Amino acid sequence: MELYVGLKLIWWALLGVLLIGLAVMVGMDMGVGAALRYLGRNDGERRAAINMIAPHWDGNQVWFILGGGAIFAAWPTIYATAFSGLYVVMLLLLWAMIVRPLGFEYRSKMPGTFWRNAWDWMLFVSGAVPMIVFGAAMGNMLEGVPFHYSWDMVSYYTGSFITLFNPFAVLCGLMSLALALYQGATMIMGRGTGVIRARAIRLATVSGAAALVLFSIGGIWVSQMHGYVVTGGLDPAGPALPLNKTVVREGGAWLANYRAVPWLWAIPAMVYLTLIGGVLVARRGMGIVAWWAGALAWAATIGTVGAAMFPFLMPSSSAPSQSLTVWDASSSAGTLGWMLVFAVIFVPIILIYTSWAFHVMRGKVTPESIANDDHAY
Amino acid sequence: MKAFLQFIFWIFVAFVALFLAIVLGERGAWYLAWVLGTVMIILIAVAGTVMLDARYEDEPLE
Amino acid sequence: MHALDTVVELSRAQFAATALYHFLFVPLTLGLTMLLAAMETIYVITGRAIYRQMTQFWGKLFAINFALGVATGLTMEFEFGTNWSTYSHFVGDIFGAPLAIEGLMAFFLESTMVGLMLFGWDKLSRGKHLLVTYMVALGSNLSALWILIANGYMQAPVGSVFNPETMRVELTSFTDLIFNPEAQAKFVHTSIAGYLTAAMFVIGISAFYMLRQRHVELAKRSFRVAALFGIFASIAVICLGDALGFINGEDQPTKLAAMEGLWETAEPPAGFNVIAWPNQDEQKNDFELQIPYLLTPLVTHSFDTPIPGVDDLEKTAAQRIRSGIPGLAALQHLREHPNDAAARAQYEAHKADIGYARLVQRYAPDVTQATDAQIAKAAADTIPPVFPVFWSFRVMVGAAFVMLAFLILAVTYSLRGTITDKRWFLKVAPWMIPVPFIANEAGWVVAELGRQPWTVYDQLPTWVSASTHSVGYMIFSLTGFVLLYTIFIVIEMFLMVKYIRLGPDDPHPGHGQGTPAGQGNRVSQWSEA
């Protein structure tokens with residue numbers, strides 16, 4: 001196998017890892033933000049919930065920033081086409097994300113009720129909206145997005161803003177939100193006590209079950225929808241130019257990979273296994289096990305989509321032959337190689353100090369402990 | 001064991017420092033200047049302020 | 001105006017507004033993290049509780065600033081893709097890598113450690129907490145390093161080659177990219193400008209306390225750290241500004257001409273325009289006040305090098321446009337007939353100037369039909385707007401020297417121990433806080449407006465770089481940003497002023513429902529120190 005082909009495959013896998021890291025770590029904080037008004041019925045309880053993730057939200061958010069940066073570095077054509085094509089959606093995501101750091105940092109800096117309630121709702125919006133958009137973006141990738149290129153690789157998006165929120169995309173958005181709520185709830189189970197913990201258990205049960213139902217509906221939908229198939233002209237070792245192949249749309253084509261390689265069915269099965277198991281252990285109050293089950297469920301969900309679409313990354317519904325695939329939308333071999341060197345060195349270091357940070361800040365957080373802590377939010 | 005790990009850690013730090021000094025000295029003169037300059041300014045600011053306390057040593061502070 | 005031009009202009013306005021806004025918070029973060037590390041070092045060395053209180057107090061103000069810096073930084077990462085998609089595709093192979101490495105190497109470190117720095121006071125030993133604070137400082141400055149490596153590429157593209165097959169520049173030497181002299185000088189200059197910003201911030205607020213006779217012991221010590229830190233920073237920032245100007249002047253003669261208001265090539269020894277009133281339409285200065293002989297040694301570091309002025313630069317640009325036109329035509333032909341040897345040869349002969357041909361494409365969509373008037377117009381476009389660049393440069397340099405003088409006095413008074421008696425100085429100091437911020441913003445304008453009309457210098461014109469949005473989309477997003485950012489700055493300033501007024505005694509007035517944080521409480525808190 002040629003080196004360039006291997007590098008593209010590795011970066012396709014790493015893209016998956018980044019999306020999973022983003023979904024699990026950022027999704028967890030967003031789940032807490034979105035469910036804050038439910039988890040805490042008064043200010044003390046809400047502050048306790050916020051301070052369970054307070055030392056980590058900023059570090060977790062870097063998964064999101066790194067995700068953007070890595071797509072730019074490894075898949076520049078996707079970065080350029082997707083971010084500009086989904087303009088209004090991206091802005092909604094961005095604005096919601098901008099409010100979030102301020103919500104965490106500023107909410108408890110003033111004592112007023114109006115002030116704190118306002119920031120609570122900001123945290124709700126900045127938790128729910130990005131997760132819905134994240135899922136909806138995935139849904140749109142499955143359906144294909146109307147874009148094409150001119151001879152000099154200027155991209156044109158020809159759809160409207162509202163088509164990005166079609167029923168299937170909304171379904172995916174809700175699925176993503178449900179998983180985030182589950183992840184946030186299991187986090188709170190681990191570090192909370194009393195009523196907060198009881199509510200978190202209830203939330204984990206409901207959102208885990210909801211995610212399972214939405215995943216099933218989505219799966220049936222995908223099996224019926226028009227997928228994309230490469231019919232020729234695509235060279236895995238070829239240059240990053242998405243204009244020279246031919247692609248057709250075909251009903252049920254997203255199941256082609258599963259038909260060709262039956263053991264791939266293990267990935268969606270994994271979603272069922274982890275979510276059912278997760279809900280069961282969550283009901284027993286085992287927060288940490290439930291959290292890891294949720295993380296695996298995210299990994300399996302993203303893996304299911306990736307396995308269905310391979311080698312597609314971003315199909316074009318208006319000009320299918322200009323769809324972006326793993327083989328023709330990446331960076332050059334040199335850039336992918338250098339990036340891999342940095343990833344291999346720094347990802348383990350990141351994992352070590354992130355674990356250390358969680359270890360240092362471990363322990364239960366209660367409304368009482370917050371009231372006596374001068375450094376808390 | 002702890003002492004050994006610390007030893008390994010500092011050896012690692014020393015190697016990184018040597019590596020940086022060699023690479024930066026060769027091609028990244030400005031980067032090297034930044035590293036040395038920053039260390040220098042921090043040390044001077046720290047020393048200068050510690051001096052201030054030495055001067056007020058007699059006065060009770062806390 | 002053409003609809004496309006409107007979209008490009010709106011995209012530029014949005015990028016400039018969001019970048020300038022983001023850059024209000026960044027330098028303070030870069031410098032304040034270093035100052036916090038210095039303060040905490042003193043705490044660990046002396047073991048005196050007052051330095052712990054000092055680190056925590058400035059840390060609180062740091063956190064208010066940092067939140068908005070992080071929030072608005074998200075915008076920057078998205079905006080290349082959302083608004084500059086053609087640019088992103090063109091440079092993605094090179095530009096994306098430093099951004100991603102910034103995340104891997106720097107931002108993860110900074111953000112994870114910030115959590116421990118702010119929340120881990122009671123959970124970490126002194127030594128470990130100090131290490132964490134240094135990691136925050138290192139992380140934030142490494143962030144700046146990678147961002148400026150990326151920016152350095154826009155200013156002076158190195159280590160890459162244009163690939164006509166993929167229509168983008170591709171990496172040839174990663175080490176050339178990171179050791180780009182432009183990036184090096186820019187990083188050191190920007191980082192140290194951050195140090196200076198933080199020093200002025202701490203000095204101004206400490207002076208306010210001394211003037212009001214509040215927290216005097218803490219203020220005196222904060223003042224001393226910041227003044228010593230700041231004086232070296234101000235000297236360094238001026239020296240590095242000079243070095244950056246020298247490196248940049250060789251890479252970008254058009255920016256240099258705009259900065260100095262040079263309409264005609266300056267034969268040595270040339271005079272330096274201290275102030276002038278540049279008039280771009282007539283290509284002359286309506287008014288100028290010169291110091292004779294100064295300019296040549298100042299910008300060329302020699303006595304006999306001529307400095308190209310606008311007149312000669314436009315001539316060179318016109319030549320390059322003419323040379324680039326057959327190159328662009330050949331490139332277009334090669335896209336459809338990749339095996340045409342004649343077109344390949346023509347492309348190879350003219351490829352260095354293709355970027356210039358795309359400048360004239362704005363006026364002549366089919367460049368082979370471009371008239372002399374259109375070429376002259378495109379050549380005139382290669383000169384950035386002289387007036388704002390010229391004046392931003394003078395504002396920045398002027399501010400730097402004012403701060404240097406101010407800091408010399410600050411250090412003198414602090415070392416003599418007479419600072420608390422110099423009431424006039426204490427009164428001036430808080431009003432000096434905006435000065436470094438103004439200088440930072442002006443510096444951004446010199447660097448980025450002075451780069452126009454290019455997004456990648458000599459290679460990709462700004463007017464082809466933007467995404468193909470409708471005007472409506474741009475108005476929507478611009479309005480959204482203006483609204484949100486205005487609300488944010490109001491809230492941020494409100495909290496900042498509120499916490500400065502409260503001072504270090506009450507670390508957390510937000511804890512309204514808890515026990516009022518009284519003095520006794522504090523003493524027990526710090527008695528362990």
Side-chain angles (χ1 to χ4, degrees), chain B, chain C residues 34-35 37-46 48-51 54 134 137-138 141 145 175-176 178-189 191-192 195 199 217 220-233 235-236 239-240 243-244 247 411 414-415 417 523 526-527 529:
Chain B
M1 187 63 190
K2 195 174 177 213
F4 178 70
L5 281 178
Q6 270 181 346
F7 175 75
I8 296 288
F9 174 77
W10 287 112
I11 287 285
F12 177 74
V13 169
F15 267 101
V16 170
L18 273 176
F19 176 77
L20 279 181
I22 292 167
V23 173
L24 293 184
E26 180 73 24
R27 292 196 61 187
W30 289 112
Y31 293 152
L32 190 64
W34 175 81
V35 173
L36 298 178
T38 301
V39 171
M40 188 200 75
I41 329 188
I42 289 187
L43 284 180
I44 292 177
V46 167
T49 314
V50 171
M51 261 166 53
L52 188 148
D53 268 330
R55 199 160 155 177
Y56 291 100
E57 202 74 283
D58 311 329
E59 299 171 32
L61 247 182
E62 295 161 61
Chain C
M34 284 290 174
L35 261 177
M39 289 170 182
E40 200 175 334
T41 307
I42 308 176
Y43 166 61
V44 172
I45 290 175
T46 64
R48 286 176 174 237
I50 191 165
Y51 290 106
M54 182 195 279
Y134 270 102
L138 183 67
N141 279 276
L145 168 70
T175 47
D176 282 357
I178 55 178
F179 292 118
N180 185 354
E182 182 87 27
Q184 294 199 30
K186 256 191 124 113
F187 162 65
V188 187
H189 182 64
S191 162
I192 295 191
Y195 297 179
E217 289 304 322
K220 217 153 57 180
R221 284 169 178 74
S222 303
F223 190 97
R224 167 73 67 91
V225 193
L228 286 170
F229 190 78
I231 182 113
F232 288 100
I235 295 167
C239 295
L240 280 154
L244 177 57
I247 292 169
V411 169
S414 177
L415 287 180
V523 170
W526 290 316
S527 54

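We name chains A, B, ... by the order of the sequence lines, and we start the count at 1 in each one. All figures in this text were calculated on a predicted structure; none of them were measured in a lab.
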Verdict with supporting geometry, Tyr134(C) and Ile42(B), side chain to side chain contact (heavy atoms under 4.5 Å, CB included): CA-CA 11 Å; Tyr134(C) 270 102; Ile42(B) 289 187; 3.7 Å; yes
Which answer fits [X], side chain, backbone, both or neither, if we ask what part of it has an atom under 4.5 Å from a heavy atom of chain B?
X         : result
Leu240(C) : side chain
Leu35(C)  : neither
Ala183(C) : both
Ile247(C) : side chain

Within this structure, what is the [atom1]-[atom2] distance for the pair [X] and [Y], rounded to the nearest 0.5 Å?
X         : Y         : atom1 : atom2 : result
Thr38(B)  : Phe232(C) : OG1   : CZ    : 13.0 Å
Glu217(C) : Leu52(B)  : CD    : CG    : 8.5 Å
Met51(B)  : Leu228(C) : CE    : CG    : 8.0 Å
Ile41(B)  : Tyr195(C) : CD1   : OH    : 6.5 Å

Close side-chain approach of Leu145(C) and Tyr31(B), heavy atoms under 4.5 Å: yes
Student check: side-chain heavy atoms of Thr49(B) and Tyr51(C) closer than 4.5 Å: yes
Positive for side chain to side chain contact (heavy atoms under 4.5 Å, CB included) with Thr41(C), one of Leu43(B), Val46(B), Val50(B): Val46(B)
Leading residue by heavy atom contact count with chain B [cutoff under 4.5 Å; candidates Ile192(C), Thr175(C), Val411(C)]: Thr175(C)
Centroid separation Phe187(C) to Trp34(B) less than 6.0 Å: yes
Derivation and outcome, side chain to side chain contact (heavy atoms under 4.5 Å, CB included), residues Leu244(C) and Trp30(B): CA-CA 11 Å; Leu244(C) 177 57; Trp30(B) 289 112; over 6 Å; no
